[in-house]
Amino acid sequence: MGPPEAGGRMRPMNSVRVRFAPSPTGYLHVGGGRTALFNWLYARHHKGTFILRIEDTDRTRSTDEAIEQIFASLRWLGLDWDEVYRQTDRFDRHREVAVELTRRGAAYEKDGALWFRIPRDGATTVPDLLAGDVTVQHTELKDLVILRSDATPTYNFACVVDDHDMGITHVIRGAEHLNNTPKQILIYEALGWTPPAFAHVPLILGPDRTKLSKRHGAGSVLDYDQRGILPEALVNFLARLGWSHGDQEVFTRDELVALFDLPGVNTSAAVFDEEKLLWLNHEWLRRLDPHRLGDLLADRIVGRGVADRATVEAAGRDKLARAAVLLRERGKTLVEMADRARPYLPGPIALPDDARDLFTPDVRAALRILAVRVGELDDPTAHGFETALRRVADERGLPLKTLAPAVRVAVTGSRVGPGLFDVLSVAGPEIVAARVEAAAKEDRS
RNA sequence: GUCCCCGUCGUCCAGUGGCCUAGGAUACCGGGCUUUCAAUCCGGAAACGGGGGUUCGAAUCCCCCCGGGGACACCA
């Protein structure tokens, strides 16, 4: 028989119910993101329920903006929740239970606050699914406030009441809570309630090996979106921090749901390695559908001010998708890709000063001819451009090794980039002809 | 300081007593390919924290030490 929900409904006993319980005192950082992910994966894997509970009992530090940020972060990560609660909505219930605790002699009032009494003797064992049995002597514990002077409940207390009322079966949370658990178990026992199962997942550390926190800089989940990281990549990366499935590194969301379970989770803390995230992002960039990636690229181009919306729309979806396919081979983030997308969009290109040595009189003469040929090109594929380029080089007695870099710089403004003929083909004859002609007029001095 | 957790390449993981001359990934170094940069391919360097046990045999089990982290709020 499962515990009754707040409303009194009964639930089947075997169904998994887990919750992610962030406090809205700031943005959601990747540590919290991973805790949310593990809970979500566990729920989805076991066909259970994923509950989101906003722990806003600290009314002076909680903000609505933070709540919105948390929602937005979870949505971006693709972690959908089945139920959502706000702890402040349940204050009456918390007070009711506090009274019950007092009636049972487990709580007492002092200085206006209500305190929970820790039994003098004995010890409490947390049967942790990951760490094993963790026993703490009661002498190590101190009585704790459960109701503040202003009658609002504190974390360790509200948490117990809500986990119980909401029928939580597994509490999956960060290892920093392991020390709180004996106190919470004592509260369950004082109330005659059965505690849920606990699984304390290892911490995520910053480069300095201390718990990842806001002071490590780029901690916010949404920052990663800002930096051009794909949610697929962050989810994949976070999942692999503390969890594994053999030697597999790349996982789709569906694979994660199918494979994730608590027994596969580690017990030691992990350092957040930005380099590996970037590698995974690159992997995911290359796996995305071209048109979807093209759309993401289009937004990013506008967002970064590389080109305006009208220009991007004029280029068209197909062209953006083709450009994205070229760009993703050497970009690790959407930001890098967007910042290199200019060559594929209409408009002039600025030539770098240090590349002017490429435009010798011979080269400029060849470029003039090439511009004409490209204007008349009837096969605007990579192959068509290659043929045209080779022919001009041949006619002018210039090695391709000399002409190609000049054309590249003329069209893209850079000496490096994707395969030249692919670049020309995606940019298209019109853009190529105009830029090659403009470069041919460059007077190097 | 006290209590709790943890300890395999720089980093993330594999490894659950013999398949380990310890495997994969990333990052790094060298080479091939290429108009360039990537990608890719080939090669390289790189770890079981230390000491005791247990065992025919230990990265795997036990103990001690050392190291790292976390918690010690009317924060969560």
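Computed from a predicted structure; not experimentally measured.
Look at B/rC20: it lacks any Watson-Crick or wobble partner with both distances under 3.5 angstrom. Searching all strands for a Watson-Crick or G-U wobble partner of B/rA38 with both distances below 3.5 Å returns nothing. In this structure, B/rU2 forms a base pair with B/rA71, meeting either the Watson-Crick or the G-U wobble geometry with both donor-acceptor distances under 3.5 Å. In this structure, B/rU26 and B/rG10 make a Watson-Crick or G-U wobble pair, each of the two defining distances being under 3.5 angstrom. Both distances falling under 3.5 Å, in either a Watson-Crick or a G-U wobble arrangement, occur for no nucleotide opposite B/rA47.
Between A/Arg292 and A/Glu232, at least one side-chain nitrogen of the basic residue sits less than 4.0 Å from a carboxylate oxygen of the acidic one, meeting the salt-bridge criterion. Between A/Asp82 and A/Arg44, at least one side-chain nitrogen of the basic residue sits less than 4.0 Å from a carboxylate oxygen of the acidic one, meeting the salt-bridge criterion. Under 4.0 Å is where a charged nitrogen must lie from a carboxylate oxygen, and between A/Glu395 and A/Arg373 at least one such pair does. Here A/Glu55 pairs with A/Arg53 in a salt bridge; the nearest charged N to carboxylate O distance falls below 4.0 Å. Ionic pairing of A/Glu329 and A/Arg286 is present here: one or more N-O contacts between side-chain nitrogen and carboxylate oxygen are shorter than 4.0 angstrom. Under a 4.0 Å N-O distance rule, the pair A/Arg396/A/Asp362 does not qualify as a salt bridge.
Nearest-nucleotide mapping onto RNA chain B: of A/Asp273 and A/Ser149, the residue sitting toward the 5' end is A/Asp273. Between A/Lys211 and A/Gly112, the one whose closest nucleotide on RNA chain B sits nearer the 5' end is A/Lys211.
Closest to the side chain of A/Asp247, from the set B/rA39, B/rU35, B/rG23, is B/rG23. Relative to the side chain of A/Val136, the nucleotides B/rC4, B/rA25, B/rG70 differ in distance, and B/rC4 lies closest. Looking at the side chain of A/Val134, the nearest of the listed nucleotides B/rU36, B/rG70, B/rC5 is B/rC5. Checking B/rA76, B/rC5, B/rU35 against the side-chain heavy atoms of A/Arg408 singles out B/rU35 as nearest. With distances taken from any side-chain atom of A/Ser268 to the nucleotides B/rC6, B/rC4, B/rG70, the minimum falls on B/rC6. Which of B/rG68, B/rU35, B/rA38 sits closest to the side chain of A/Arg330 comes down to B/rA38. Out of B/rU11, B/rU35, B/rA14, the shortest distance to the side chain of A/Ser244 is found at B/rA14. You'll find that the side chain of A/Ala404 is closest to B/rU35, out of B/rA25, B/rC4, B/rU35.
Among the protein residues, A/Ala270 comes within range of the sugar-phosphate backbone only, with heavy atoms under 4.0 Å from sugar or phosphate atoms but none that close to a base. Residue-level contact check: A/Thr25 touches neither bases nor backbone, having no heavy atom under 4.0 Å from any strand. Backbone-only contact: A/Thr57 has heavy atoms under 4.0 Å from sugar-phosphate atoms and none from a base. Within 4.0 Å of A/Leu400, counting heavy atoms only, lies no atom of the nucleic acid at all. Residue A/Asp128 is classed as having no contact, given no heavy-atom separation below 4.0 Å to the nucleic acid. Residue-level contact check: A/Gly246 touches the backbone only, with heavy atoms under 4.0 Å from sugar-phosphate atoms and none from bases. Nucleic acid contact for A/Arg240: base, since at least one base atom lies under 4.0 Å from a heavy atom of the residue. Note on A/His282: only backbone sugar-phosphate atoms sit closer than 4.0 angstrom, heavy atoms only; bases stay farther off. Using a 4.0 Å heavy-atom distance criterion, A/Pro418 is classed as a base contact.
Rounded to the nearest Å, the gap between the P atom of B/rA14 and that of B/rA25 is 15 Å. Atom C1' of B/rG49 sits at a distance of 12 Å from the matching atom of B/rA59, rounded to the whole Å. Separating the C1' atom of B/rC12 from that of B/rC6 is a span of 16 Å, rounded to the nearest Å. Across B/rG52 and B/rA58, the matching C1' atoms stand 14 Å from one another, rounded to whole Å. Comparing B/rU55 with B/rC61, their C1' atoms are spaced 10 Å from each other, to the whole Å. Taking atom P in both B/rG69 and B/rG53, the straight-line distance is 31 Å, to the nearest Å. Distance check on atom P: B/rG30 versus B/rA38 gives 12 Å, rounded to whole Å. Of the C1' atoms belonging to B/rC28 and B/rG7, the separation is 25 Å, rounded to the nearest Å.
Contact check, A/Thr154 against B/rC74: no side-chain N or O comes under 4.0 Å of OP1 or OP2. A/Thr402 has no side-chain polar atom (N or O) that falls below the 4.0 Å cut-off from OP1 or OP2 of B/rU35. For A/Asn266 and B/rC13, the shortest distance from a side-chain N or O to OP1 or OP2 is below 4.0 Å. Residue A/Asn179 places none of its side-chain N or O atoms closer than 4.0 Å to OP1 or OP2 of B/rU2. Contact annotation: A/Arg53 side-chain N/O to B/rA76 OP1/OP2 distance is not under 4.0 Å. OP1 or OP2 of B/rA73 lies within a sub-4.0 Å distance of a side-chain N or O belonging to A/Lys142. Checking the phosphate oxygens (OP1, OP2) of B/rA38, no side-chain nitrogen or oxygen of A/Arg328 falls inside 4.0 Å.
Rounded to whole angstrom, the span from the CG atom of A/Asp422 across to the P atom of B/rU34 amounts to 16 Å. Following rounding to the nearest Å, A/Lys183 (NZ) and B/rC72 (C1') show an atom-to-atom distance of 7 Å. We find that CH2 of A/Trp279 is positioned 14 Å from C1' of B/rA39, with the value rounded to whole Å. If you take NZ of A/Lys332 and P of B/rA27, they are 5 Å apart, rounded to a whole angstrom. Distance A/Arg173 CZ to B/rG70 P: 18 Å, rounded to the nearest Å. Atoms CD (A/Glu140) and C1' (B/rU2) sit 6 Å apart, rounded to a whole Å. Between the CZ atom of A/Arg286 and the C1' atom of B/rA38 there is a distance of 9 Å, rounded to whole Å. Regarding A/Glu329, its CD atom lies at a distance of 16 Å from the P atom of B/rC37, rounded to whole Å.
Judged by distance alone, with hydrogens and angles left aside, A/Asn180 brings no side-chain donor or acceptor close enough to the base of B/rA71 to form a pair under 3.5 Å. Judged by distance alone with a 3.5 Å cut-off, a donor-acceptor contact links the side chain of A/Glu249 to the base of B/rG24.
Ring planes of A/Phe251 and A/His245: perpendicular class, angle over 60° (limits at 30 and 60°).
A/His170 places no side-chain N or O within 3.5 Å of a backbone atom of A/Ile172 that could act as its donor or acceptor partner.
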Item to complete: Output, in order, the C-alpha distance, side-chain angles, deciding distance and verdict of side-chain hydrogen bond (donor to acceptor under 3.5 Å, both in side chains) for A/Arg173 and A/His200.
Response: CA-CA 5 Å; A/Arg173 72 208 338 178; A/His200 289 92; 3.2 Å; yes

Item to complete: Go through the steps for A/Trp115 and A/Leu147 under the test side chain to side chain contact (heavy atoms under 4.5 Å, CB included), then give the verdict.
Response: CA-CA 7 Å; A/Trp115 295 70; A/Leu147 236 42; over 6 Å; no

